[in-house]
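Accompanying notes for the structure given below.
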Amino acid sequence: MSAARSRIPPSKRAIDSMIRVDQAGEYGATRIYAGQLAVMGDRSAAAREIAGMAAQEQRHLAYFDRMIAQRGVRPTLLQPFWNAAGFALGAVTAAMGPEAAMACTAAIETEIDKHYAEQRDQLADHDPELSDAIADFQAEEVEHRDRALAAGAEQAHGYPLLFAAIRAGCRLAIAASKRI
Ligand SMILES: [Fe+2]
Ligand SMILES: [Fe+2]
């Protein structure tokens with residue numbers, strides 16, 4: 001099925017939408033980590049872990065910022081919302097404790113791994129520049145998920161509910177930023 005799909009190149013409109021949602025998501029990721037670090041400071045082991053992941057998110061965001069400019073893609077209109085919502089999600093989960101902060105990353109990166117896999121499937125071999133970058137970032141998102149799990153995400157109070165709620169929020173954010 002994916003082989004059949006790969007023969008049909010995604011439209012410019014479809015690719016623009018991918019760049020729009022990815023730029024929004026990477027921006028949101030930087031805001032979540034900024035919110036977490038604002039609450040946690042920079043001294044704990046968890047904060048150092050988060051600062052390392054945040055630096056990788058900055059690299060992902062810089063790439064999509066560049067793609068928005070180079071390809072003339074309209075950025076999401078929801079940017080001011082993701083600015084505040086991302087920061088708030090980060091601050092709230094960090095205030096709940098380091099395990100909850102890690103649960104947030106585990107939930108989001110689980111969804112983003114799936115999201116990037118779907119985009120690569122749609123792109124197939126039609127836009128190697130973009131799909132190579134997405135593959136590169138996807139590998140780092142999976143690494144973030146695994147680091148968050150290793151750092152005790154599953155020990156967060158109410159983990160199953162927290163994980164499910166954040167994943168659902170992430171799915172909504174993706175659906176909204178594809179279009180708006
Ligand atoms: Fe990222
Ligand atoms: Fe990430």
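Sequence positions, counted from 1, serve as the residue numbers for this chain. Just so you know, ligand 1 is whichever comes first in the structure, and atom 1 is the first atom listed for that ligand. Just so we're clear, the structure is a prediction, and the values are computed from it rather than from any experiment.
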Should the pair Lys114-Glu109 be classified as a salt bridge under the 4.0 Å nitrogen-to-oxygen rule?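 Looking at Glu109 together with Lys114, the answer is no, because their closest N to O distance does not fall below 4.0 Å.
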ILVMFWY clustering at 4.5 Å (side-chain atoms), partners of Leu37: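 Tyr33, Met40, Ile50, Met53, Met102, which link up through side-chain heavy atoms under 4.5 Å apart, make up the rest of the cluster.
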Please give the remaining members of the hydrophobic cluster of Phe81, linking ILVMFWY side chains under 4.5 Å, ordered by chain and number.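 Other cluster members: Tyr27, Leu61, Leu77, Leu78, Trp82, Ile180.
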Heavy-atom count check: over 12 atoms from other residues, nucleotides or ligands less than 6.0 Å from Arg59 CZ?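 More than 12 within 6.0 Å, yes.
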Checked the Fe ion (ligand 2): protein N, O or S atoms closer than 2.8 Å come out as Glu57 OE2, Glu109 OE2, Glu141 OE1, His144 ND1
State the atom name: nearest N, O or S atom of Glu26 to the Fe ion (ligand 1).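 Answer by atom name: OE1.
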If we count only N and O atoms by modelled type, under 3.5 Å, do the side chains of Thr93 and Gln36 hold a donor and an acceptor together?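 Present: a donor and an acceptor within the cut-off.
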In chain order, what residues pass the side chain to side chain donor-acceptor pair (under 3.5 Å) check against Arg31, with sequence neighbours excluded? Asn83
